[in-house]
Amino acid sequence: MELKEILEHHIVDHVWAWQTLGPLEFPVSKHLLMMGIAALILLAVFPLIIRSRSLALAPFRAMIEIVVVFLRDEVVVPNLGRKGAAYMGYFCTLFFFILIMNLLGMVPFGATATGNLAVTAALALTTFALVNFAGIREQGLFSYLAHIVPKGVPFWLYPLLFPIELIGLLTKTFALCIRLFANMIAGHIVILAFVSFIFIFGALNTALGLGVAPVSVALVLFILLLELFVAFLQAYVFTFLTAIFTGAAMHPH
Amino acid sequence: MEALIKPEFGLAFWTITCFVLLVFLLSKTAWKPLLKAVEDRENALRRDREAAENARVEAEKIKNELEIKFAELKAELSRRLDAARAEGEKEKEVIVEEARRSAALIVAAAKIEIDSQKNEAVRELREKVVGLALAVSEKLLEKHLDPKANSQLVARAIDDLEKADKFLNLSEN
């Protein structure tokens, strides 16, 4: 078996069926299933934990609460200001949605939906929409457009800077998309490579393969823990950057 | 491997739909109650802290007031004590003075009494001695009428009288 096939099997989406709707085709795939599971967890488990008064669920409630309070005090309010409280629902959902999709990639038979460019692009597009929506809502359409170019720029530079800033908005979104995607598949690729080492060396010499195995497994374990960390980190980074962009659009100074 | 970097439009559509729905549903069902609970608790904490702070300030004020009052009372007490002590001192002086005066009076009265008693005693004694001398001389005159004895008796009587005289002389001085 080629490494390429293995990678494709483990990282690329498996489309099981196509749902045709006019000229558009919608896939029913493994990543969609994972997203659905994440959505189900968010819709069923989170409200249950938050609303229940049971003592057994109290630690989970506290965990969610700590994250939400952190998002409010460290991410949303410092960037968006007092009015940011209205967007708390968006940022909490974004963080937990990405986090759960990231973590589902580490469950056996799971797949990382956020390791799919379409998913991260869609999430980045919602961020792009939110940034513009929040900016226009806060400043009004014309003021928002006028403030896209930073203050203090000589007026003759406006024709040059306006398109640059517009492109900047798009690149920020694009970078968000690529960052999450690359971070989520990188760990998987490295793990698969380490596991493949065992068989590559085993094909050369059985003893060599057995010798490499413990080292590979140890490294895989390390990368797995790193991935666990990255799952949280990237969910945070995505949310944090979204907050920064939204805050910049809301308060141009 | 092209599938890895070729975004599938359909999946992006599903993602956006799913995410937007999640935002609206979770805002209602999860984040709003959670944030409300957190804010309620924070408000309650803030209220409690403010109440405690107020109570502390109040207690401090009362303590200061009490301290001032206590100091006033202490000053008052020591003032009264001093006054009472001065009063007592004066009273003592008066009593001692009075006692001294009355003692002097008593002593003087006693002296006068003693003098008068002594004078009385001396007078009585002289009368008795004179009487006795007269009686003795009477008796002697009756019983022993010889010139030798008489002269002796007279001599002795004179001695006696002299003795009595000396005594009288002392008392008169």
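Lettering follows sequence order; numbering is per chain, from 1.
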Per-residue contact mode, [X] against chain B (heavy atom under 4.5 angstrom):
X: Phe91(A); value: neither
X: Tyr90(A); value: both
X: Ala121(A); value: neither

For [range], give me every residue with a non-hydrogen atom less than 4.5 Å from any non-hydrogen atom of chain B.
range: residues 28-38 of chain A; result: Ser29(A), His31(A), Leu32(A), Met35(A)
range: residues 172-193 of chain A; result: Phe181(A), Ile185(A)
range: residues 58-71 of chain A; result: Ile64(A), Glu65(A), Val68(A), Val69(A)
range: residues 101-119 of chain A; result: Asn116(A), Leu117(A), Ala118(A), Val119(A)

**Prompt:** Taking every heavy-atom pair that is under 4.5 Å apart, which of Ala37(B), Cys18(B), Ala12(B), Ser27(B) has the most such pairs with chain A?
**Reply:** Ala12(B)

**Prompt:** Heavy-atom distance under 4.5 Å to chain A: side chain of Lys28(B), backbone, both or neither?
**Reply:**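 Looking at Lys28(B), just its backbone touches chain A.
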
**Asked** Side chain, backbone, both or neither: which part of Leu21(B) has an atom under 4.5 Å from a heavy atom of chain A?
**Response**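 Interface part for Leu21(B): neither.
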
**Message:** Does any part of the side chain of Phe46(A), heavy atoms only, come nearer than 4.5 Å to the side chain of Thr29(B), both counted from C-beta?
**Reply:** no

**Request:** Would you mind reporting whether Thr93(A) and Phe24(B) have side-chain heavy atoms less than 4.5 Å apart?
**Result:** no

**Asked** In Å, rounded to the nearest 0.5 Å, how long is the span from CG of Leu125(A) to CZ of Phe19(B)?
**Response**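 Atom-to-atom, Leu125(A):CG and Phe19(B):CZ are 12.0 Å apart.
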
**Request:** Check whether more than 12 heavy atoms from other residues, nucleotides or ligands sit under 6.0 Å from atom CG of Leu81(B), and answer yes or no.
**Result:** yes

**Prompt:** In terms of heavy-atom contacts, does CD of Glu87(B) have more than 12 from other residues, nucleotides or ligands at under 6.0 Å?
**Reply:** no

